[in-house]
Protein chains: 2
Amino acid sequence: MNVNWTKLLRISTSITKSLKLRSTYAFCHHATTVDEIDEEVSKLLELKAKLGDGDTKTKYVLKAPKGTRDFTPKQMVIREKVFDTIIGCFKRHGAETIDTPVFELKETLTNKYGEDSKLIYDLKDQGGEMLALRYDLTVPFARYLAMNKIQSIKRYHIAKVYRRDQPAMTKGRYREFYQCDFDIAGPHDSMIPDAECLRIVYEILSDLMLGEFKIKVNDRRILDGVFEACGCPTDKFRPACSAVDKLDKLPWVDVRKEMLEKGLAEEIADHIGHYVRMSGSHELVNQLLNDSFLIKSKSAVAGLNDLKLLLEYLELYNIMDKTSFDLSLARGLDYYTGVIYEAVLTDSSVNEDPDRKKGETVGVGSVAGGGRYDGLVGSFDPKGKSTPCVGVSIGIERVFAILEARSENSNSRTTETEVYVASPQKNMLKERMKIIAELWQAGIKAEMSNKKNPKLLNQLQHCEENGIPVAIMIGSGELEEGNIKIRDIKTREESLVPRSAMIEQLKDILHQVRNGES
Amino acid sequence: MNVNWTKLLRISTSITKSLKLRSTYAFCHHATTVDEIDEEVSKLLELKAKLGDGDTKTKYVLKAPKGTRDFTPKQMVIREKVFDTIIGCFKRHGAETIDTPVFELKETLTNKYGEDSKLIYDLKDQGGEMLALRYDLTVPFARYLAMNKIQSIKRYHIAKVYRRDQPAMTKGRYREFYQCDFDIAGPHDSMIPDAECLRIVYEILSDLMLGEFKIKVNDRRILDGVFEACGCPTDKFRPACSAVDKLDKLPWVDVRKEMLEKGLAEEIADHIGHYVRMSGSHELVNQLLNDSFLIKSKSAVAGLNDLKLLLEYLELYNIMDKTSFDLSLARGLDYYTGVIYEAVLTDSSVNEDPDRKKGETVGVGSVAGGGRYDGLVGSFDPKGKSTPCVGVSIGIERVFAILEARSENSNSRTTETEVYVASPQKNMLKERMKIIAELWQAGIKAEMSNKKNPKLLNQLQHCEENGIPVAIMIGSGELEEGNIKIRDIKTREESLVPRSAMIEQLKDILHQVRNGES
């Protein structure tokens with residue numbers, strides 16, 4: 001590498017010199033200082049670019065960016081069906097939808113995601129505002145509520161979010177991925193909207209027919225209460241929480257070890273461990289409400305009382321058989337303040353992890369999660385006015401992965417074409433054009449060959465390969481007699497129809513085809 | 001401003017010193033040089049941040065980034081209707097759909113957009129690949145075809161694209177905006193897919209009921225032929241082209257002036273001006289095919305012959321009354337190689353430009369545009385294998401703007417709720433929950449209050465304000481007798497129904513409501 005050291009040194013020296021000079025005038029010229037540093041920096045970066053260019057001439061690689069993917073027409077058909085199902089559920093619950101930009105002001109995303117903030121994609125500073133790609137849909141939603149002073153809304157939002165995480169495509173972990181969020185903001189009585197969010201999870205996972213699933217429920221206030229009662233120092237709540245969160249993947253000994261490494265005393269860790277390994281239902285809530293040690297924490301009591309109410313509501317919503325109260329559920333995000341939940345698929349067939357050996361315990365993937373976040377909107381409001389919110393996010397990429405694997409061998413269509421306009425003869429392009437324009441005008445989905453004189457075999461093959469049920473066959477003889485032929489692609493039966501009755505006849509046939517399919 | 005000059009100077013000096021030191025060892029330590037500069041730069045930037053923090057403490061502004069916007073539920077309803085209409089047309093023509101990531105490798109977008117490349121949003125270099133937000137959907141489509149070696153496809157793609165342009169929101173010009181693209185790639189006979197693209201424009205603009213419109217058609221080869229025949233130097237083709245492109249906004253004298261400024265001789269400019277101000281139909285094509293001066297250019301003849309064929313096809317597709325051959329149409333993008341077209345709305349009501357004075361000539365906004373680009377896919381193919389493509393892009397933001405303005409005073413719904421579960425009495429929450437769960441289970445769109453004991457007036461008001469047609473009224477008296485009341489919100493009529501027949505009755509009523517609306 002031929003580094004131009006002389007030049008590099010010269011630039012650095014001149015920066016130093018100019019800074020020395022400027023420092024003398026510091027008190028009269030302060031306004032531009034930051035800009036000047038910018039200039040210096042850009043000089044160094046330019047130099048870097050030149051140095052880099054000279055020797056590491058990279059070859060263009062034809063690919064989508066790391067961690068992202070294109071969706072093929074076949075994948076899009078699955079994706080659209082899944083979205084239709086999910087949107088159907090959201091609309092059944094009276095939700096509206098909104099959309100926000102793919103990027104936000106960098107500051108909007110600051111201090112929202114704890115440790116994970118390092119995974120945010122920043123945009124280059126090209127002059128103007130500092131921007132970053134959205135990391136989830138919850139923070140933009142909170143920004144939207146605060147900005148528009150909306151005090152009450154039930155909304156869904158389906159859109160892509162971005163995380164510079166290590167991708168694991170086989171597990172459905174991408175850097176660009178969809179989130180399907182449903183949230184209820186505004187005044188309410190305790191646990192009513194929270195129960196509806198859980199009912200939504202139940203309906204969507206049932207409607208998608210993904211097999212058996214289980215919904216785990218907990219409350220941040222109960223967890224915090226456990227930490228408090230066990231004597232965990234307040235500043236260790238979040239670290240302890242993130243250790244507990246790993247209990248679904250690691251045995252207790254490992255989680256305990258992490259707690260000790262994070263500075264918790266042995267007896268405190270063990271005491272926490274006693275609680276967070278509990279799971280159950282109503283009876284566990286009652287047991288804990290009678291636990292004289294735990295109920296010293298007001299936070300725990302508040303959480304337990306609300307959870308008791310929530311479980312009653314879930315009974316009325318007919319979903320208690322899918323739900324368990326699980327004290328190990330902690331969830332990563334900082335902004336949760338109350339109830340939290342997560343749904344996992346329990347059919348072993350969908351949980352085969354290609355990275356693990358057969359027989360090994362398999363980490364069950366979460367397909368939905370959420371909770372209550374009553375403080376987030378207030379963090380955007382100039383006066384700190386808070387708006388209570390609860391929501392759920394469907395982990396759609398995992399759902400896609402499962403359904404794609406299932407449909408791999410099926411021959412589902414990627415177009416909806418109903419009629420193919422064909423001709424067994426040459427020089428019929430103009431007739432084909434006239435007829436197809438009539439079909440389009442009548443709202444019939446129709447295709448024809450892009451060739452002037454396509455071969456009959458190719459035309460019929462196209463119909464068979466693409467599942468097009470009907471073809472119109474245009475022959476000059478029939479046309480002269482004022483007729484056209486309609487061909488059933490499957491049975492290969494053909495019927496002669498007066499040209500003037502073509503549209504009517506086709507509509508009848510297509511109606512039958514549609515009913516036959518369903 | 002309290003700039004810490006001493007500190008700034010110290011850092012800069014130390015950078016200079018360390019660079020001096022490193023230069024001595026340059027030949028043994030070259031590998032990390034670029035990283036070292038990075039480190040130096042980050043030190044300076046850190047210092048800048050500290051300086052900035054201390055005194056120019058920027059206040060957080062609660063907003064969406066410049067040139068972007070949120071879509072409210074009301075706007076989303078319009079947006080979804082428009083998309084349904086457009087997708088309906090694409091599917092009627094047998095198109096599949098794909099999706100690509102929101103960002104591409106920076107190199108994928110390089111040398112595709114000519115001058116406009118400066119408007120591309122780059123992502124920050126956070127290690128790893130250099131990325132940029134997509135500028136249109138055509139280049140990602142070409143990348144997708146080349147990467148997957150797809151030789152023939154008819155696809156549509158609806159997604160957001162990004163341009164760091166000066167926003168003009170009142171005109172529907174945003175930095176984040178939707179494009180709706182339809183393209184036909186692959187082998188074909190001349191002008192058959194091109195004519196279909198124009199038919200698509202016609203169908204979509206008709207289906208959207210935007211009022212009168214006109215489609216202008218031209219061919220890059222005809223324009224180039226004019227430049228060639230008039231003696232314009234080859235390197236001036238594109239500059240001349242971009243001057244001609246302004247003829248829809250500027251009078252000829254101004255366009256002529258731009259041509260002279262770009263170095264064209266007066267007689268050449270005037271000669272070009274003679275041609276590019278022509279517009280007409282079949283007869284103009286024939287006239288030009290007999291223009292002994294112009295037909296010296298092979299390119300012009302090829303373009304004119306194809307255009308003649310195209311106009312014949314458009315006649316068969318019943319859209320010639322909307323189409324004109326317009327030699328001033330040039331279009332900005334570099335990648336077009338043949339037919340080009342653009343659709344404009346001609347109803348004066350939709351063309352009112354708030355930035356212009358009344359009575360002034362109004363620049364008619366383009367709502368769709370496209371053309372043939374036979375070279376783009378080849379530019380990505382490692383062996384340069386080309387795939388002919390033709391496509392059209394619908395300028396959807398302008399369509400939104402028009403339809404939003406139209407719907408401003410209408411009271412369209414943003415939810416689809418069919419039944420509201422209400423109670424005139426206290427302590428009926430559990431009954432409401434049981435009943436609403438039944439409705440959801442039956443696929444009925446239903447809502448209820450989030451309060452334990454909501455006031456009857458509030459419940460009924462919610463129905464009226466949100467256009468919910470039916471309410472179920474739960475009273476303890478009726479329940480004991482095994483009945484519930486169904487209330488028609490508009491007529492305020494109530495009927496008593498056996499609890500066991502509730503779902504069936506509701507479905508009947510909702511069926512009637514739906515038919516009454518349509």
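Everything numeric here is computed off the predicted structure, so don't read it as measured data. Residue numbers start from 1 in every chain, and the chains themselves are labelled A, B, ... in the order their sequence lines are given, proteins ahead of strands.
For a residue to count as touching a neighbouring chain, one of its non-hydrogen atoms must lie under 4.5 Å from one of that chain's; by this rule B/I120 touches chain A with the backbone only. Heavy atoms of B/S152 lying under 4.5 Å from chain A are absent altogether. When heavy atoms are compared at a cutoff of 4.5 Å, B/R143 approaches chain A by way of both its backbone and its side chain. Neither the backbone nor the side chain of B/P454 comes within contact range of chain A, judged by heavy atoms closer than 4.5 Å. For B/E196, the part sitting under 4.5 Å from any heavy atom of chain A is the side chain, from C-beta outward, and nothing else. If you measure heavy-atom distances from B/I436 to chain A, the contacts under 4.5 Å come from the side chain alone. Of the two parts of B/K434, the backbone and the side chain both hold a non-hydrogen atom closer than 4.5 Å to a non-hydrogen atom of chain A. In this structure, the portion of B/E312 lying under 4.5 Å from any heavy atom of chain A is its side chain and not its backbone. The part of A/L131 that comes within reach of chain B is its side chain, from C-beta onward, which places non-hydrogen atoms under 4.5 angstrom from that chain. Proximity to chain A (any heavy atom under 4.5 Å) is restricted, for B/A95, to the backbone atoms N, CA, C and O. Looking at A/I319, neither its backbone nor its side chain comes within 4.5 Å of chain B, counting heavy atoms on both sides. Heavy atoms closer than 4.5 Å to chain B are found in the backbone of A/I444, but not in its side chain. Neither the backbone nor the side chain of B/I150 has a heavy atom closer than 4.5 Å to any heavy atom of chain A. Using a 4.5 Å cut-off between heavy atoms, B/M191 does not touch chain A at all. In this structure, chain B has no heavy atom under 4.5 Å from any part of A/E315.
With hydrogens and angles ignored, the 3.5 Å screen pairs no side-chain donor or acceptor of B/E203 with any backbone N or O of B/I200. Counting only distance, with no hydrogens or angles, the side chain of A/T97 and the backbone of A/Y156 share a donor-acceptor pair below 3.5 Å. The main-chain N or O of B/S449 is found under 3.5 Å from a side-chain atom of B/Y420 such that the two form a donor-acceptor pair. At least one donor-acceptor pair under 3.5 Å links the side chain of A/R413 to the backbone N or O of A/N466.
In this structure, B/E129 does not pair ionically with A/K66, as no charged nitrogen and carboxylate oxygen lie closer than 4.0 Å.
With rounding to the nearest 0.5 angstrom, the NZ atom of A/K124 is 6.5 Å from the NZ atom of B/K106. In this structure, A/I192 CD1 and B/R432 CZ are separated by 6.5 Å, a value rounded to the nearest 0.5 Å. Between the CH2 atom in B/W440 and the OH atom in A/Y202 there is a gap of 12.5 Å [rounded to 0.5 Å]. To the nearest 0.5 Å, atoms CE (B/M130) and OG1 (B/T108) are separated by 13.0 Å. Between the NE2 atom of B/H93 and the CD1 atom of B/I184 there is a distance of 9.0 Å, given to the nearest 0.5 Å. One finds the CE atom of A/M448 at 11.0 Å from the CD1 atom of A/I435 (value rounded to the nearest 0.5 Å).
Put simply, of A/E416, A/K160, A/E104, A/R164, the one with the most heavy-atom pairs under 4.5 Å next to chain B is A/R164. If you tally non-hydrogen atom pairs under 4.5 Å between each of B/M76, B/Q75, B/R92, B/K445 and chain A, the highest count goes to B/R92. Of the listed residues (B/I98, B/D122, B/L316, B/T415), the greatest number of heavy-atom pairs within a distance under 4.5 Å of chain A belongs to B/D122. Per-residue heavy-atom pair counts under 4.5 Å with chain A were compared for B/E96, B/R69, B/E80, and the maximum is reached by B/E96. The choice from A/P65, A/A437, A/G94 that makes the most heavy-atom pairs within less than 4.5 Å of chain B is A/P65. Taking A/E176, A/Q126, A/E447, A/M147 one by one and counting their heavy-atom pairs under 4.5 Å with chain B, the maximum is reached by A/Q126. For chain A, the option among B/N318, B/N453, B/L123 with the highest count of heavy-atom pairs below 4.5 Å is B/L123. With chain B as partner, the option from A/Y121, A/Y174, A/F380 having the largest number of non-hydrogen pairs under 4.5 angstrom is A/Y121. When the candidates B/E418, B/R79, B/K154 are compared by the number of heavy-atom contacts under 4.5 Å with chain A, B/R79 comes out ahead. Among the candidates B/T110, B/T68, B/T417, the residue making the largest number of heavy-atom pairs closer than 4.5 Å to chain A is B/T68. The candidate from A/K430, A/E438, A/R175, A/R155 with the greatest count of non-hydrogen atom pairs under 4.5 Å with chain B is A/K430.
Using the six-membered ring where Trp is involved, B/Y162 and A/F103 have ring planes that are tilted, between 30° and 60° apart.
Taking both residues in full, the closest heavy atoms of B/V61 and A/L105 are given as O-CD1, 3.7 Å, listed atom of the first, atom of the second, then distance. Of all non-hydrogen atoms in B/V419 and B/L439, the two that sit nearest each other are CG1-CD1, 3.7 Å.
By the 6.0 Å contact criterion, NZ on B/K74 is enclosed, its count of non-hydrogen atoms from other residues, nucleotides or ligands being greater than 12.
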